[in-house]
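All remarks here apply to the structure that follows.
Counting convention: from 1, in listed order, for ligands and their atoms alike. Computed over heavy atoms, backbone and side chain alike; hydrogens, waters and symmetry mates excluded. Predicted model, so just to flag it, every value in this text is computed and none were measured. Note that the numbering runs from 1 along the sequence shown for the chain.
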Amino acid sequence: MMKIFTILLATLALAACGKGSASTEAAETPSAETTLSAAPFDADSAYAYVERQVAFGPRVPGTEAHRRAGEWLAAELRRHGAEVILQKTDLTAFDGTRLPAVNIFGRFNPEASQRILLLAHWDCRPWADKDPDPTRRKEPVDGANDGASGVGVLLEIARQLGVSDSGKGVDILFVDAEDWGTDNNENSWALGTRYFVENPPVADYSPREAILLDMVGGEGARFCREYFSQQTAPALNDAIWRTGSALGYNSLFINRMGGAVTDDHIQLIEHGIPAIDIIEFNPDAESGFNPRWHTTSDNMEGIDRATLKAVGETVATYLRDN
Ligand code: AHN
Ligand code: ZN
């Protein structure tokens, strides 16, 4: 399986969306028309959840900020009514560093047999290796967008589940050690999710589907369909992009193919869980990712409530209706 991905990645990683690349046939709707009422989602609350995480300092595995933030995340999930399982383990990074990792698994209605898994990574990259200033490339990143945004949206969804429980089986997973990776080694990323699927904390864990949120708070963010998501869970991708559009967010949920991204969802897909990645991908940008990505400016200044709201409402509404 990994071989196939390697080959596909080599051919597709740079076949970014937009100009000249293969795109879905669906036309973009020209106007932002709302044809669906959104499930409750408070963007100010999601923003505050991003802010709270960043205030701990960079959540790099092995640091005090990481340890304290992890405890707080678990406590928040519990406060909103989830049954929380902490999966603690030492992982080994590509460079041999021992990473004390914690996957934080919050379960709503754990007795429900049909389940949906929502996940985001909560760790921060230890080095801002894409910083424009070469002297700052060994500093850790704040991870306001890369890490905290996905977690912030999911904490707000958890809060809403606590306010009004639908009885559905929903699992919220904050995975660790996603971002201690290196270019040219796709196995160096997503170590926490790899550990989770290889050591499931509950017996026979097989959610119907999974939605990964990664970099969902950037100002001016655009979301294109990610390649592996579309290959393995096209109906889920359809439903999310349709929901986003029906809520009036068709200028963010662009109905085109984006890039092929090495991310936490690949680990789920390889273990038979249909999974999609909602990840910023700007068809008009050089790398596709946000310009603050893996730089020291991935801080609160790059976070826009409007982006958190579009993604949060879309996922919350999908959850309500499915
Ligand atoms: C790579 O850089 C190969 N994939 C992006 C995965 C990632 C890093 N998501 C957030 N940070
Ligand atoms: Zn990253």
For this session: Determine, for R292 against D142, whether the closest basic-nitrogen to carboxylate-oxygen distance falls under 4.0 angstrom.
Result: no
For this session: Name the closest protein heavy atom to atom 2 (O) of ligand 1, giving the residue it belongs to and the distance to 0.1 Å.
Result: W293 CZ2, 3.4 Å
Seminar exercise, completed: Of N184, D179, D264, N185, the one whose closest heavy atom lies nearest atom 11 (N) of ligand 1 is D179
Exercise. Taking non-hydrogen atoms only, is R125 closer than 4.0 angstrom to ligand 1 via side chain, backbone, both or neither?
Worked result: neither
Exercise. Do D214 and ligand 1 have an N or O pair less than 3.5 Å apart?
Worked result: yes
For this session: Verify the distance criterion only: is there a donor paired with an acceptor across the side chains of D176 and H66 at less than 3.5 Å?
Result: yes
Exercise. Is there a donor-acceptor contact under 3.5 Å linking the side chains of H294 and D179?
Worked result: yes
Exercise. Which atoms from ligand 1 have a heavy atom of T262 less than 4.0 Å away?
Worked result: 3 (C), 4 (N), 5 (C), 6 (C)
For this session: Give the atoms of ligand 1, by number and element, whose distance to some non-hydrogen atom of H294 is under 4.0 Å.
Result: 8 (C), 11 (N)
For this session: Check all N, O or S atoms of D146 and name the one closest to the Zn ion (ligand 2).
Result: OD2
Problem set entry | Name of the residue among D298, T63, V60, D146 meeting side chain to side chain contact (heavy atoms under 4.5 Å, CB included) with C124 | V60
Exercise. What do you reckon, does W189 have a nitrogen or oxygen under 3.5 Å from a nitrogen or oxygen of ligand 1?
Worked result: no
For this session: Taking Q53 for its side chain and A148 for its backbone only, find out whether a donor-acceptor pair lies under 3.5 Å.
Result: yes
Exercise. Judging by distance only, is a nitrogen or oxygen of D183 under 3.5 angstrom from one on ligand 1?
Worked result: no
Exercise. With backbone taken as N, CA, C and O and side chain as the heavy atoms from C-beta onward, which portion of E178 lies under 4.0 Å from ligand 1: side chain, backbone, both, or neither?
Worked result: side chain
Exercise. At the Zn ion (ligand 2), what angle lies between atom OD1 of D179 and atom NE2 of H294, rounded to 10 degrees?
Worked result: 90°
Exercise. So, does S45 use its side chain to make a donor-acceptor pair with the main chain of E156 at under 3.5 Å?
Worked result: no
Exercise. Does E186 come within less than 4.0 angstrom of ligand 1, counting non-hydrogen atoms of the residue?
Worked result: no
Exercise. Is there a donor-acceptor contact under 3.5 Å from the side chain of T243 to the main chain of A239?
Worked result: yes
Exercise. Within 45 degrees of the axis of the six-membered ring of Y47 and under 6.0 Å from its centre: does R305 put its NZ or CZ there?
Worked result: yes
For this session: Indicate yes or no: does D129 engage R137 in a salt bridge with an N to O separation below 4.0 Å.
Result: no
Exercise. Short list, please: which atoms of ligand 1 are under 4.0 Å from a heavy atom of D146?
Worked result: 10 (C), 11 (N)
